[in-house]
Amino acid sequence: MANAKITGTGSYLPKEIRTNKGFESMIDTTDEWIYARTGIKQRHVIADSETCSSMAEIAATQALEAAGISASEIDLIIIGTSSPDRVFPSTACILQDKLGVGDCAAFDVQAACSGFIYGLGIANQFIRAGGAKKALVIGSEANSRILDMSDRSTCVIFGDGAGAVVLESSEEEGVLSTHLHSDGSHQDVLYINNPIAGQKQDGEQAYMTMLGNDVYKVAVKTLGRIVDETLDANGMQKSDVDWLIPHQANIRIIASVAKKLNMPMEKVILTIEEQGNTSAASIPLALDKAVRDGRIKQGQTVLMEAFGGGFVWGSALVKM
Ligand code: ACO
């Protein structure tokens, strides 16, 4: 059976940066509170002229260049997003048109902050089963468009951006395993209400609502468990993992997973300070950064993990 290998990465961050200080004049908050509670100093904010698909296009183009293949060779596009251009067509279809990819399977995955891991898991199964040879897997989020800018419990946390990988059928080892989970009984803890007009209450807006503390407690426990599940499935020890790429939700959640792995923070790829929580985009953004700056090298083993609204959570163990 073929393996699915990451052969190229790419990313995009909008130009505008909003610092914690910038929020102090907008809402009742401080730089100190935000940094101490989350590890965030600033985040990138999408321009009016940009969309989820336009950010995905730039990230995907970089990933294709890095892989040394053309868009026309792609036979599967999956975008993890909760902030798509439209309800339908999918942002993946819009991207297919923008990139000039011919007929192929293209769809979005809505798994909140776990969207990229879900996309990677699905693309891995496609490739292993022979259903695709070259896939684009992307996380792209225009989070600013789903935030209530007067809600201090959410608006300071999230940022915008996109990250992409090319996943190719290969004889070499690549994605070693993925582990996808959900528990919909937590649906009222982190959600965005229905944007469909006929189902809206009067005056209702499609903004994110999060009971952060409840999310925090479950995330720490759940992500600790998934580390064991992933290593056990591969008969590996903690020391076999070279790098941890966590979803960048909160530096304290990240540190607790690193501790579970006995991993020093130097081996954890962090972007949260400069990028905030970019939801489904955070893992591919961090991966691209660490590949391009030379930290992550060919042959190394990378553990990726994410947790988000649903709840949905998952992990991927990848040989680069
Ligand atoms: N500035 C100042 N004070 C604030 C702010 C703010 N921006 N936001 C909330 N507060 C206040 C609260 O009102 C509360 O005040 P009170 O004690 O007077 O009621 C106090 O700070 C503490 O609030 P908590 O929510 O208990 O703060 P906590 O320490 O839990 O930190 C945070 C909040 C950062 C959101 C944290 O809970 C967290 O990171 N949770 C996990 C988020 C996550 O992982 N989400 C999943 C991915 S997102 C997705 O799927 C889309």
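Read the numbers this way: they start at 1 and go in the same order the structure lists the ligands and their atoms.
The single protein non-hydrogen atom nearest to atom 6 (C) of ligand 1 is Thr29 OG1, 3.3 Å, given as residue, atom name and distance. With hydrogens left out, the protein atom closest to atom 33 (C) of ligand 1 is Trp33 CH2, 4.0 Å, a heavy atom. What sits closest to atom 43 (C) of ligand 1 on the protein, heavy atoms only, is Val215 CG1, 3.5 Å. Protein heavy atom nearest atom 35 (C) of ligand 1, with residue, atom name and distance: Ile157 CD1, 3.4 Å. Of the protein's non-hydrogen atoms, the one nearest atom 44 (O) of ligand 1 is Ala249 CB, 3.4 Å.
Taking 4.0 Å as the cut-off, Ala219 does not count as a neighbour of ligand 1 on heavy-atom distance. Using a 4.0 Å cutoff on heavy atoms, Phe158 counts as a contact of ligand 1.
In the hydrophobic cluster analysis, where Ile, Leu, Val, Met, Phe, Trp and Tyr join through side-chain heavy atoms closer than 4.5 angstrom, Phe116 is grouped apart from Ile94. Follow the hydrophobic side-chain contacts under 4.5 Å out from Met263 and you reach Leu270 in the same cluster. Residue Leu261 is grouped with residue Trp313 when hydrophobic side chains (ILVMFWY) are merged at heavy-atom distances under 4.5 angstrom, including chains of intermediate members. Val109 and Phe126 end up in the same hydrophobic cluster when Ile, Leu, Val, Met, Phe, Trp and Tyr side chains are linked at under 4.5 Å.
The pair Lys41-Asp31 meets the salt-bridge criterion, since a charged nitrogen lies less than 4.0 angstrom from a carboxylate oxygen. In this structure, Lys260 pairs ionically with Asp228, as a charged nitrogen and a carboxylate oxygen lie closer than 4.0 Å. Ionic pairing of Asp160 and Arg43 is not present here: no N-O contact between side-chain nitrogen and carboxylate oxygen is shorter than 4.0 angstrom.
Not one N or O of Ser279 is nearer than 3.5 Å to an N or O of ligand 1, by distance alone. Considering backbone and side-chain N/O atoms, Asn250 comes within less than 3.5 Å of an N/O atom of ligand 1. Checking only distances, Gly309 does come within under 3.5 Å of ligand 1, N or O to N or O. Between Gly212 and ligand 1, at least one pair of N/O atoms sits closer than 3.5 Å.
Less than 4.0 angstrom separates some heavy atom of Phe307 from each of these atoms of ligand 1: 46 (C), 47 (C). When each atom of ligand 1 is checked for a heavy atom of Met210 under 4.0 Å away, the hits are 35 (C), 42 (C), 45 (N). Close contacts between ligand 1 and Leu190 involve ligand atoms 46 (C), 48 (S), 49 (C), 50 (O) [criterion: under 4.0 Å to a heavy atom]. Interface of Gly308 with ligand 1, defined as ligand atoms under 4.0 Å from a residue heavy atom, comprises 50 (O). Within the listing of ligand 1, atoms 50 (O) sit less than 4.0 angstrom from a heavy atom of Ala112.
Across Val45 and Ser144, no two heavy atoms sit closer than the pair CG1-OG, 3.7 Å.
Within a 4.0 Å radius of atom 8 (N) of ligand 1, the protein has at least one heavy atom. Distance screen at 4.0 Å: atom 19 (O) of ligand 1 has no protein heavy-atom neighbour inside the cut-off. Taking a distance limit of 4.0 Å, we find that atom 4 (C) of ligand 1 is approached by some protein heavy atom.
Nearest residue to atom 24 (P) of ligand 1 from Leu211, Asn213, Val218, Thr38 is Asn213 (criterion: closest heavy atom). Of the listed residues (Arg152, Arg252, Lys217, Arg37), the one carrying the non-hydrogen atom nearest atom 12 (C) of ligand 1 is Arg152.
Looking only at side-chain heavy atoms (C-beta outward), Thr9 and Ile6 come within less than 4.5 Å of each other. The side-chain heavy atoms of Trp243 and Leu303, taken from C-beta on, include no pair separated by under 4.5 Å.
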Going through the distances and angles, do Glu229 and His181 end up as a side-chain hydrogen bond (donor to acceptor under 3.5 Å, both in side chains)? CA-CA 12 Å; Glu229 178 187 338; His181 297 277; 2.8 Å; yes

For side-chain contact (heavy atoms from CB on, under 4.5 Å), just list the numbers for Lys5 and Leu167, CA-CA rounded to whole Å, side-chain angles, deciding distance to a tenth of an Å, and then say yes or no. CA-CA 5 Å; Lys5 192 162 185 70; Leu167 202 62; 5.8 Å; no

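Within the 4.0 Å heavy-atom criterion, the part of Asn277 lying near ligand 1 is the side chain and not the backbone. By the criterion of a heavy-atom distance under 4.0 Å, both the backbone and the side chain of Cys113 are placed next to ligand 1. Within the 4.0 Å heavy-atom criterion, the part of Val156 lying near ligand 1 is the side chain and not the backbone.
For the pair Arg18 and Phe23, the cation-pi test (distance below 6.0 Å, angle within 45°) is passed.
Glu274 meets the side chain to side chain donor-acceptor pair (under 3.5 Å) test with Lys289; sequence neighbours excluded.
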